[in-house]
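Working notes for the structure below.
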Amino acid sequence: MEVVIRQDATAVATFVADIIERLVSSRPGAVLGLATGSSPLGVYTELVRRHRAGTLAFGRATVFLLDEYIGLPPGHPASYRTFFEQKFSGLVDIEPGNVHVPDGAAADVDAACADYEAQIRAAGGVDLQLLGIGADGHVGFNEPTSSLASRTRVKTLTDETRNDNARFFSSVDDVPRHVVTQGIGTILEARHLVLIGLGAAKADPIARAVEGPVTSMCPASVLQLHPHATVIIDEAAATRLTLIDYYRATFAAKPPWQST
Ligand code: GLP
C-alpha cells in the first residue's frame with residue numbers, strides 16, 4: 001500500500017486527477033470505478049476543468065458507480081445517479097450509456113445486483129476504483145461486519161452513516177435505510193484502488209484502515225490485501241498515523257521510474 005500525504009484537499013484532488021488522467025490518456029477505453037460523497041468532489045471538479053481545457057477526453061471510457069440508495073424516486077437530488085450526473089458525467093463527454101449505477105429501484109433488486117456484477121465482468125473489470133471512507137471505515141456502503149468476500153447486494157445502513165449522510169437530505173428521517181453497494185470482493189477485483197481521506201473526521205478511520213488489523217469491523221482495511229492500493233489523504237486526515245514520517249520519507253524518495 002502506498003500512503004501519500006498532501007497539504008490539503010486541493011492538492012489531493014490534483015494528485016488523484018493526475019492518476020486518472022494518466023490512465024485515461026494511455027487507455028482511452030478505461031473502466032473507471034467512481035464514488036460519490038464529498039471526498040471525490042475536488043477530483044471531479046479538476047477533471048471537468050481539464051476536459052474543458054481540451055486536454056482530457058472520456059468519450060471511450062466506461063464508469064461503474066459503487067453504490068446507490070434504495071427507495072428514492074428517479075431524479076431525487078440525493079440519489080447517487082443524479083449527484084454523479086451533476087458533478088461529473090453530465091459535465092464531460094462520457095457516453096450516458098457507459099455510466100452504470102447499481103439499480104436501487106429494480107423490481108427484483110437481487111437480480112439487478114447479479115446483473116451489475118455481470119456488466120462489470122463484461123466490461124473487462126475495473127481498471128481504477130476511486131473510494132472514499134466512512135467514519136466507521138466503510139467503503140462503498142459496506143458497513144462494518146460486511147463479508148470481505150461480498151458481492152453487489154443490498155445492505156442496511158448504520159445510524160451513524162445515515163446521520164453522516166443526512167446533510168444531502170432535508171432530514172435524517174429522509175435518508176433511506178437500505179442501499180445497493182458493490183461488495184468488498186467486487187471492489188478488491190479492481191486493478192488499482194485509490195482511496196481518498198480528507199479532514200480530521202477521517203483521521204481515525206484512515207489509521208484503522210492503513211495500520212489496523214484487516215477486519216470486517218473496518219471494511220477499508222481490506223486495502224491491505226490488494227497488490228495495488230494508494231491512499232491519498234490531506235494533513236488533517238493523516239494525524240493518527242503511527243508511521244507518518246515513513247510515508248512522507250518514502251514519497252519524497254520515490255524513484256522517478258516508479259509510478260503511482
Ligand atoms: C457514503 C458513500 C461512500 C463514501 C462515504 C464517505 O456513505 N456511500 O462511498 O465514501 O459516504 O463520504 P464523504 O466522502 O462525503 O465523507
Side-chain angles (χ1 to χ4, degrees), residues 6 8-10 12-13 16 32-46 63-72 76-84 86-89 100-104 113 116 126 128-146 150 152-169 172 174-184 186-188 190 193-210 218-223 229-234 236-238:
R6 304 277 78 193
D8 53 26
T10 306
V12 168
V16 175
L32 303 172
L34 297 178
T36 46
S38 19
S39 302
L41 281 180
V43 176
Y44 298 148
T45 302
E46 178 60 15
V63 169
F64 286 91
L65 281 198
L66 272 176
D67 45 15
E68 180 60 289
Y69 292 104
I70 289 180
L72 294 183
H76 189 288
S79 90
Y80 283 169
R81 177 182 284 281
T82 305
F83 181 94
F84 187 69
Q86 288 175 350
K87 304 296 181 190
F88 186 57
S89 63
H100 304 273
V101 186
D103 189 354
C113 291
Y116 202 65
V126 171
L128 181 150
Q129 178 63 60
L130 194 59
L131 297 165
I133 184 170
D136 60 4
H138 71 241
V139 283
F141 268 137
N142 293 283
E143 296 282 33
T145 72
S146 287
S150 51
T152 302
R153 72 215 182 288
V154 174
K155 284 296 288 182
T156 305
L157 297 182
T158 62
D159 286 343
E160 182 181 23
T161 298
R162 291 181 70 231
N163 280 319
D164 285 350
N165 290 0
R167 67 190 190 281
F168 297 111
F169 294 81
V172 68
D174 294 339
V175 183
R177 208 164 269 286
H178 295 105
V179 295
V180 185
T181 181
Q182 286 190 34
I184 295 176
T186 318
I187 292 168
L188 281 175
L193 300 182
V194 176
L195 186 144
I196 297 175
L198 299 175
K202 300 298 169 70
D204 177 61
I206 285 291
R208 293 172 65 215
V210 173
C218 178
S221 64
V222 295
L223 267 72
T230 311
V231 173
I232 304 158
I233 54 181
D234 64 5

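As the structure lists them, so they are numbered: ligands from 1, and atoms in each ligand from 1.
- Contact between Val180 and Pro102 at its shortest, heavy atoms only, is CG1-CB, 3.8 Å.
- Remark: ligand 1 atoms within the under-4.0 Å shell around heavy atoms of Phe141 are 1 (C), 7 (O), 8 (N).
- When the options Pro205, Gly140, Gly37 are ranked by their closest heavy atom to atom 3 (C) of ligand 1, first place goes to Gly140.
- Set against the non-hydrogen atoms of Ile133, the atoms of ligand 1 under 4.0 Å away are 6 (C), 10 (O).
- Of the protein's heavy atoms, Asp67 OD2, 2.8 Å lies nearest to atom 8 (N) of ligand 1.
- Between Tyr80 and Phe141, the ring-plane angle classifies as parallel under the 30° and 60° cut-offs.
- Ligand 1 places these atoms under 4.0 Å from at least one heavy atom of Asn165: 1 (C), 7 (O).
- With a heavy-atom cut-off of 4.0 Å, Tyr80 touches ligand 1 through its side chain alone.
- In plain terms, the two heavy atoms of Gln182 and Leu65 that are nearest each other are NE2-O, 3.2 Å.
- In Lys155, neither the side chain nor the backbone holds a heavy atom less than 4.0 Å from any atom of ligand 1.
- Ranked by closest heavy atom to atom 14 (O) of ligand 1, the top entry among Gly199, Gly132, Ala220, Ser39 is Ser39.
- In this structure, the side chains of Glu143 and Thr156 stay at 4.5 Å or more apart for every pair of heavy atoms.
- Considering backbone and side-chain N/O atoms, Thr36 never comes within less than 3.5 Å of an N/O atom of ligand 1.
- Between Phe64 and Tyr116, the ring-plane angle classifies as perpendicular under the 30° and 60° cut-offs.
- For Arg167, the heavy-atom gap to ligand 1 drops under 4.0 angstrom.
- Regarding atom 16 (O) of ligand 1, its nearest protein heavy-atom neighbour is Lys202 NZ, 2.5 Å.
- Under 4.0 Å is where a charged nitrogen must lie from a carboxylate oxygen, and between Asp174 and Arg162 no such pair does.
- In Ser38, the parts holding a heavy atom less than 4.0 Å from any atom of ligand 1 are both the side chain and the backbone.
- In terms of heavy atoms, Leu188 sits closest to Val222 at CD2-O, 3.6 Å.
- The shortest side-chain heavy-atom distance between Ser39 and Lys202 falls under the 4.5 Å cut-off.
- Side-chain contact check for Ile70 versus Pro176: every heavy-atom pair is 4.5 Å or farther apart.
- If you number the atoms of ligand 1 from 1 as listed, the ones under 4.0 Å from a heavy atom of His138 come out as 1 (C), 5 (C), 7 (O), 11 (O).
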